[in-house]
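What follows is one structure encoded as structure tokens, with my remarks underneath.
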Amino acid sequence: MKTKTIFLFSLLCAIYLPVNAQQPKPQTVSWDMLKDVTWSQKYIASLSGYYQMPEFGRQIEFLDNRTVIIQGFYVPVDVEGTIFALSETPSYMCFFCGVGGIESVMEISVKEGHHDLKRVRTDRYIQVKGIFSINRDDPEHLMYLLKDAELVKVVR
């Protein structure tokens with residue numbers, strides 16, 4: 001009996017540990033890191049015109065499609081609570097009011113089945129975790145996206 005128990009324990013460890021070892025720890029991202037952006041004029045065929053397009057620094061490129069944790073101010077976007085914005089500054093200091101640039105706000109898509117963000121009040125400073133993505137060419141969305149986002153905590 002003891003041999004069977006040891007064998008089963010060893011088998012479970014062999015299966016479970018490699019799966020956990022492959023999941024990297026999320027990287028904490030600051031808004032200062034996300035400001036490493038330069039702009040250049042480019043022709044966008046789908047919009048039939050020239051537009052300022054971002055060119056991202058190496059640190060930002062490294063984060064693309066990786067799990068990250070970031071803190072910012074909660075700004076609701078839709079009634080269902082599946083999409084919201086996370087901003088470096090509170091809504092009264094919005095990025096389009098001249099305080100920051102488009103790199104100081106991020107579009108957040110909530111992980112399916114995750115409902116904690118629906119209960120957060122506007123302008124609460126929160127910490128979220130999700131998959132960071134750079135939007136290079138879709139003018140319908142912000143240039144930074146956080147997909148499958150989950151609320152880590154309400155900081156204040």
Side-chain angles (χ1 to χ4, degrees), residues 17-156:
L17 291 177
V19 170
N20 274 355
Q22 294 173 5
Q23 297 174 358
K25 183 179 176 186
Q27 181 173 349
T28 300
V29 176
S30 71
W31 291 103
D32 285 338
M33 289 171 67
L34 299 178
K35 291 179 182 173
D36 185 15
V37 179
T38 56
W39 299 89
S40 63
Q41 190 102 340
K42 293 186 180 172
Y43 182 78
I44 307 298
S46 63
L47 299 173
S48 302
Y50 286 91
Y51 294 89
Q52 289 289 329
M53 297 301 292
E55 294 175 13
F56 303 99
R58 290 170 64 197
Q59 216 171 13
I60 297 170
E61 292 284 352
F62 175 79
L63 295 172
D64 197 22
N65 295 313
R66 295 183 186 265
T67 302
V68 301
I69 294 176
I70 186 165
Q71 294 185 157
F73 292 92
Y74 175 84
V75 181
V77 174
D78 73 344
V79 177
E80 289 84 30
T82 57
I83 298 175
F84 68 95
L86 192 70
S87 176
E88 179 183 22
T89 59
S91 61
Y92 70 87
M93 296 174 62
C94 58
F95 72 93
F96 53 84
C97 299
V99 175
I102 190 70
E103 66 278 359
S104 68
V105 67
M106 183 179 296
E107 183 177 328
I108 310 293
S109 298
V110 178
K111 185 175 187 174
E112 190 173 326
H114 189 75
H115 302 289
D116 290 345
L117 287 160
K118 286 184 179 183
R119 294 186 282 278
V120 176
R121 291 193 333 219
T122 301
D123 277 349
R124 288 289 186 202
Y125 195 72
I126 63 172
Q127 186 179 68
V128 292
K129 176 177 83 168
I131 301 168
F132 179 81
S133 180
I134 299 169
N135 176 14
R136 299 178 194 284
D137 54 11
D138 186 351
E140 300 291 321
H141 296 277
L142 295 174
M143 71 181 198
Y144 294 138
L145 309 169
L146 195 67
K147 300 173 184 174
D148 290 336
E150 300 176 62
L151 177 67
V152 175
K153 66 181 176 179
V154 176
V155 178
R156 61 174 189 252

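Heavy atoms only: backbone and side chains are in, while hydrogens, waters and symmetry mates are out.
- Few gaps surround NZ on K35; more than 12 heavy atoms of other groups in view lie less than 6.0 Å from it.
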Check residues 62-69 and write down every donor-acceptor pair under 3.5 Å in which the side-chain atom is one partner and the other belongs to a residue at least two apart or another chain.
| residue | atom | partner | partner atom | Å |
| --- | --- | --- | --- | --- |
| D64 | OD1 | I134 | N | 2.9 |
| R66 | NE | F62 | O | 2.6 |

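- A donor-acceptor distance shorter than 3.5 angstrom exists from the side chain of E107 to the backbone of L142, with no hydrogens or angles considered.
- To the nearest 0.5 angstrom, I70 atom CD1 is 11.0 Å from Q27 atom CD.
- Dense packing is recorded around CD of E61, with more than 12 heavy atoms of other residues, nucleotides or ligands lying under 6.0 Å away.
- Counting heavy atoms from C-beta outward, Q71 and R156 have side chains that stay 4.5 Å or more apart.
- Contact record, D36 with R58: OD2-N, 4.0 Å, taken as the closest heavy-atom pair.
- Between L34 and M106 there is a side-chain heavy-atom pair separated by less than 4.5 Å.
- Taking CE of M53 as the start and CD of Q41 as the end, the distance is 10.5 Å to the nearest 0.5 Å.
- A donor-acceptor pair is defined here as one N or O able to donate and one able to accept, closer than 3.5 Å; no such pair exists between the side chain of D116 and the backbone of L151.
- We find the CD1-CG distance between I131 and D148 to be 5.0 Å, quoted to the nearest 0.5 Å.
- Heavy atoms from other residues, nucleotides or ligands lying under 6.0 Å from OH of Y50 number 12 at most.
- Crowding of Q52 atom CD: a count of heavy atoms from other residues, nucleotides or ligands under 6.0 Å exceeding 12.
- In terms of the ring pair (Phe, Tyr, Trp, His ring centres under 6.0 Å) criterion, Y51 has no residue partners (sequence neighbours excluded).
- Residues W31 and L86 come closest through the heavy atom pair CH2-O, 3.4 Å.
- Here I83 contributes atom CD1 and H141 contributes atom NE2; the two are 7.0 Å apart, rounded to the nearest 0.5 Å.
- V37 and E103 get closest at one heavy-atom pair: CG2-CB, 4.4 Å.
- Looking only at distances, no side-chain donor or acceptor of H114 sits under 3.5 Å from a matching main-chain atom of A149.
- Relative orientation of the F84 and Y74 rings is tilted, given thresholds of 30° and 60° on the angle between their planes.
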- Please report the C-alpha distance between K42 and E55 in whole Å, then the side-chain angles of each, then the deciding distance to 0.1 Å, and finally whether the side-chain contact (heavy atoms from CB on, under 4.5 Å) criterion is met. CA-CA 11 Å; K42 293 186 180 172; E55 294 175 13; 3.8 Å; yes
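- Between the side chain of S87 and the backbone N or O of P90 there is no donor-acceptor pair closer than 3.5 Å.
- Residues A85 and V105 come closest through the heavy atom pair CB-CG2, 4.0 Å.
- Distance check, rounded to the nearest 0.5 Å: CD of E150 to CD1 of I108 gives 12.0 Å.
- For Y144, the ring pair (Phe, Tyr, Trp, His ring centres under 6.0 Å) test picks out F56, F132, with sequence neighbours left out.
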